[in-house]
Amino acid sequence: MVTLGERAGGRVPARKDGPRRRVRVPSVQLKFVMAASGIIMLLFLIAHMVGNLKIFLGAEAIDSYSAWLRTVGEPAVPAQTLLWIMRVVLSAALVGHIGSAIVLTRRAHKARPVRYVHRRPVHGSYAARTMRWGGVIIALFLVWHILDLTTGTVNPNGVSGAVYDNVAADFAPSRWYVTLLYVLAVVAVGIHVRHGMWSALQSIGRSSAITQRMLKGVALGLAILLTAGFLSVPFAVLTGLVG
């Protein structure tokens, strides 16, 4: 028994705190972050595709739309305010989406540290691998796309505000490799959107066969619409419809 004198004399050793444990974010919250960030990026993709399709209305239409994005809100707010808000929100969504995906993938691997010697191919595992590689392709393409059609650094025309001419120069037949890269990235986006939407809708839907078929149809339909919409622009340039 420790007496008061022993306490005062300092003979009681100080309690040593153990190493602090890192805060573990629940997987449910990480899945919510993935879903919310995915919705934000999906809405942006839809709006971006609609804006891209203005190229079929002519140079004035898409160039004016580009100018409006840079000047909307003036003079109440500085130029490009809307664009910078979108960039910040999309950057946060992208970081949250990728970060959550990495953590969830690592936890899934730790939960099953021993590989099965023989197992049949599973649709879920195949889709997960496709999502991972698709995410890498999309991330790399995003860097190129920004340097190409946002900053104009690697664009052969690279004139700020001249969206029509920049796109026509970018997807010219002599630059077939750029078109090929674009096609691969857009197809990866389509696969990513299809599986991501299907997973999200499945988690909130019922498990009946009819409902699952309907949800698959919705996810596939939107993925095809986005893929076709984005690919229509480079193919229009290749065929001479634009340019």
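This chain uses plain numbering: 1 for the first residue, then up along the sequence.
- Looking at heavy atoms from C-beta onward, I46 lies in side-chain contact with L226 at the 4.5 angstrom threshold.
- In summary, the aromatic rings of F235 and F171 are positioned with their centroids too far apart to meet the 6.0 Å limit.
- Contact detail for A79 and E74: the closest heavy-atom pair is CB-OE2, 3.0 Å.
- W68 is connected to I85 through a chain of hydrophobic side-chain contacts under 4.5 Å among Ile, Leu, Val, Met, Phe, Trp and Tyr, so both are in one cluster.
- Between Y65 atom OH and N52 atom CG the span is 8.0 Å, to the nearest 0.5 Å.
- Within 6.0 Å of the CZ atom in F32, the count of heavy atoms belonging to other residues, nucleotides or ligands does not exceed 12.
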Check step by step if side chain to side chain donor-acceptor pair (under 3.5 Å) holds for R70 and S66.
-> CA-CA 7 Å; R70 294 193 300 272; S66 174; 2.8 Å; yes

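- At least one side-chain heavy atom of V167 sits less than 4.5 Å from a side-chain heavy atom of V233.
- Residues F56 and A236 come closest through the heavy atom pair CE2-CB, 3.5 Å.
- In this pair, H48 and F230 present their aromatic rings tilted. The plane angle is within the 30 to 60° band.
- Put simply, the side chain of H145 reaches to within 4.5 Å of the side chain of L149, judged on heavy atoms.
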Would you please test L42 and L222 for side chain to side chain contact (heavy atoms under 4.5 Å, CB included) and show each step?
-> CA-CA 10 Å; L42 178 61; L222 183 56; 3.9 Å; yes

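- Considering every non-hydrogen atom in both G96 and S37, the closest pair reads C-OG, 4.5 Å.
- Considering all non-hydrogen atoms of both residues, M34 and S100 come closest at CG-CB, 3.3 Å.
- Here the CG atom belonging to L184 is positioned 11.5 Å from the CD1 atom belonging to I138, to the nearest 0.5 angstrom.
- The cluster map of Ile, Leu, Val, Met, Phe, Trp and Tyr, joined by side-chain heavy atoms under 4.5 Å apart, puts L83 and L142 in the same cluster.
- When only modelled atom types and interatomic distance are considered, R87 and S91 share no side-chain donor-acceptor pair under 3.5 Å.
- Listed for the Y182 side chain is no donor-acceptor partner under 3.5 Å among the backbone atoms of Y177.
- Counting heavy atoms from C-beta on, the side chains of L238 and W176 never come closer than 4.5 Å.
- The closest donor-acceptor contact from the side chain of N157 to the backbone of A169 lies at 3.5 Å or more, if one exists at all.
- L231 contributes atom CG, which lies 11.5 Å from atom CE of M49 (distance to the nearest 0.5 angstrom).
- Taken together through direct or relayed side-chain contacts under 4.5 Å among Ile, Leu, Val, Met, Phe, Trp and Tyr, L220 and V189 form parts of separate hydrophobic clusters.
- In this structure, I62 and L57 have side chains that are not in contact, with every pair of non-hydrogen atoms separated by 4.5 Å or more.
- Note that CZ of F141 and CD1 of I146 are 10.0 Å apart. Values are rounded to the nearest 0.5 Å.
- Shortest non-hydrogen contact noted between I40 and A93 is CG2-CB, 4.1 Å.
- A 4.5 Å side-chain heavy-atom check between H192 and M41 finds every atom pair outside the cut-off.
- In this structure, P78 and W84 have side chains that are not in contact, with every pair of non-hydrogen atoms separated by 4.5 Å or more.
- Linking Ile, Leu, Val, Met, Phe, Trp and Tyr whenever their side-chain heavy atoms come within less than 4.5 Å leaves V136 and V183 in two separate clusters.
- Taking all atoms of both residues into account, the shortest heavy-atom contact from D63 to A162 is OD1-C, 3.8 Å.
- Taking hydrophobic clusters as Ile, Leu, Val, Met, Phe, Trp and Tyr residues chained together by side-chain heavy-atom distances below 4.5 Å, L69 shares a cluster with V89.
- Within the 4.5 Å cutoff, no side-chain heavy atoms of V163 are placed close to those of K54.
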